[in-house]
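Below: one structure, written as structure tokens.
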Amino acid sequence: MNIEDLLKKSQDAVAFTKEELMWMLSCPADSPETFRIMAESNRISKELTGNKAEIHAQFALNLAPCACNCMFCSFAKVNGVFTEETRITEETAIGYACQLEADGANAVYVMITAQYPFSMFLEISQEIRKHLKPDTLMVANIGDQSLESARKLKDCGYAGVYHALRLREGKDTGLKPGARIESLRNFREAGLAVGTCVEPVGPEHSNEELADMILFTASLNPAYSGAGRRISIPGTPMAEKGMISELRMAQIAAVTRLGMPRTVQGNCTHEPCTLGGLAGATLFWAESGANPRDVEEKTEEGRGETVQTCKTIYKECGWETWEGPSRYYGEK
Ligand code: SF4
């Protein structure tokens, strides 16, 4: 296997095998081979998007200790970061959503922790929907759902969901991989587009695990895939495992782009950075309110980036930004 043959294969849009993805992931992050893979990913992303990257913005309806105990999440009860639940009011939720829309986000995401009442989520979502412009896309970031609930999300005005089978799901999380996969099926059957990602990547994940996950996300023909690194929550057991560098994350995002079919326009990375944009990321997230990667109650006062900052980061690495509703959540 060599880089010339793999790049030729990518230029011919031929699907990669697991072994080929592993080979690309095994190149040192600062090697010429990786830089060429990142350049190829950037080329594909620019071709598919007309050099217009997107910014999606998320806020949460609640902040709560969550019994699902995903070890990397600041809401996980075991991590002890947050000990009491706080919920924002409908009015505050509408305020967040309208602000993110006004800031120019290409899609507005509404997040809840797994135990937040679904009926309340629908109620507030309907009110948010009424206050947003008709063509503003809403995306739900919520727990596993039945087909019936997925249909309710669709009826409520959601264009899609963010949902992922996380790395080491069921080992590092209290959730069952089978339930995550079933939810992904339910969302798609209900007509909701699914955005997903290879996440949350830590230094302990092998190239084989990453390649398997890239291929799994490709099998969904999602709105977008990509790669996001795990952000250490200070004082937690996961933090002891460390974090991968932005460069390694950029490499994984690039290999993920190469591993996706061309029908998948979006390639996300998180958190936003110029290396990610350079490596062909076409989706950054802005965040407000509670955030599972932050210990601040309002992530805009912590790690969260604004839509404007994301735009600036894109500009610094040669990207223009798309104005209007996300193309990733549109019809394929
Ligand atoms: S990632 Fe979601 S389900 Fe897991 S602990 Fe955090 S809020 Fe709960």
Side-chain angles (χ1 to χ4, degrees), residues 56 58-88 93 96 109-118 120-121 124-125 139-146 149-150 153 158 160-184 186-187 192 194-202 204-205 213 216-217 226-241 243 268-271 285 287-299 302-304:
H56 297 188
Q58 172 167 283
F59 70 96
L61 295 185
N62 76 324
L63 177 163
C66 177
C68 295
N69 282 329
C70 306
M71 302 289 286
F72 41 77
C73 173
S74 64
F75 301 147
K77 206 171 180 178
V78 284
N79 286 336
V81 178
F82 300 110
T83 49
E84 282 180 6
E85 177 164 22
T86 49
R87 293 179 181 172
I88 62 170
Y96 267 132
Y109 288 46
V110 187
M111 195 205 96
I112 49 173
T113 62
Q115 282 92 37
Y116 188 91
F118 184 66
M120 193 178 285
F121 178 77
I124 298 186
S125 297
V139 178
N141 184 356
I142 64 175
D144 289 317
Q145 303 297 329
S146 64
S149 300
L153 289 174
Y158 280 102
V161 295
Y162 175 80
H163 210 70
L165 174 70
R166 280 83 51 88
L167 290 158
R168 300 194 185 175
E169 191 81 73
K171 293 192 184 100
D172 290 345
T173 74
L175 301 171
K176 293 194 169 64
R180 305 294 288 172
I181 294 167
E182 196 182 325
S183 296
L184 286 163
N186 292 339
F187 291 134
L192 293 156
V194 173
T196 195
C197 183
V198 176
E199 59 117 335
V201 186
E204 74 277 17
H205 295 121
M213 195 54 86
F216 174 75
T217 65
R229 67 174 173 170
R230 180 176 68 233
I231 301 296
S232 290
I233 306 296
T236 63
M238 269 293 177
E240 283 166 25
K241 296 190 176 182
M243 274 169 64
C268 71
T269 205
H270 198 62
E271 295 169 322
W285 275 281
E287 295 170 299
S288 296
N291 168 3
R293 283 164 300 279
D294 206 339
V295 294
E296 295 290 337
E297 290 196 12
K298 291 184 175 178
T299 195
R303 304 194 68 93

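Whatever order the structure lists ligands and atoms in, that order sets their numbers, starting from 1. Count residues from 1 along the sequence.
- Tyr158 and Phe121 have their aromatic ring centers within a separation under 6.0 angstrom.
- Side-chain contact annotation: Glu287 with His56, donor-acceptor N/O pair under 3.5 Å absent.
- Pairs engaging residues 68-77 under the side chain to side chain donor-acceptor pair (under 3.5 Å) rule: none recorded [sequence neighbours left out].
- Note that atom 2 (Fe) of ligand 1 has no protein non-hydrogen atoms nearby, at separations under 4.0 angstrom.
- In this structure, Asn79 has no side-chain hydrogen bond (donor to acceptor under 3.5 Å, both in side chains) partners at least two apart in sequence or on a different chain.
- Residues that satisfy the side-chain hydrogen bond (donor to acceptor under 3.5 Å, both in side chains) test with Ser232, not counting sequence neighbours, are absent from this structure.
- Numbered from 1 in the order shown, with element, the atoms of ligand 1 that lie under 4.0 Å from a heavy atom of Arg166 read 1 (S).
- In summary, Arg87 and Glu85 engage in a salt bridge, as defined by a charged side-chain N under 4.0 Å from a carboxylate O.
- At a cut-off of 2.8 Å, measuring from atom 4 (Fe) of ligand 1, the protein N, O or S atoms that fall short of it are Cys70 SG, waters left aside.
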- Intermediate values then yes/no, side chain to side chain contact (heavy atoms under 4.5 Å, CB included), Glu204 and Arg168: CA-CA 11 Å; Glu204 74 277 17; Arg168 300 194 185 175; 3.5 Å; yes

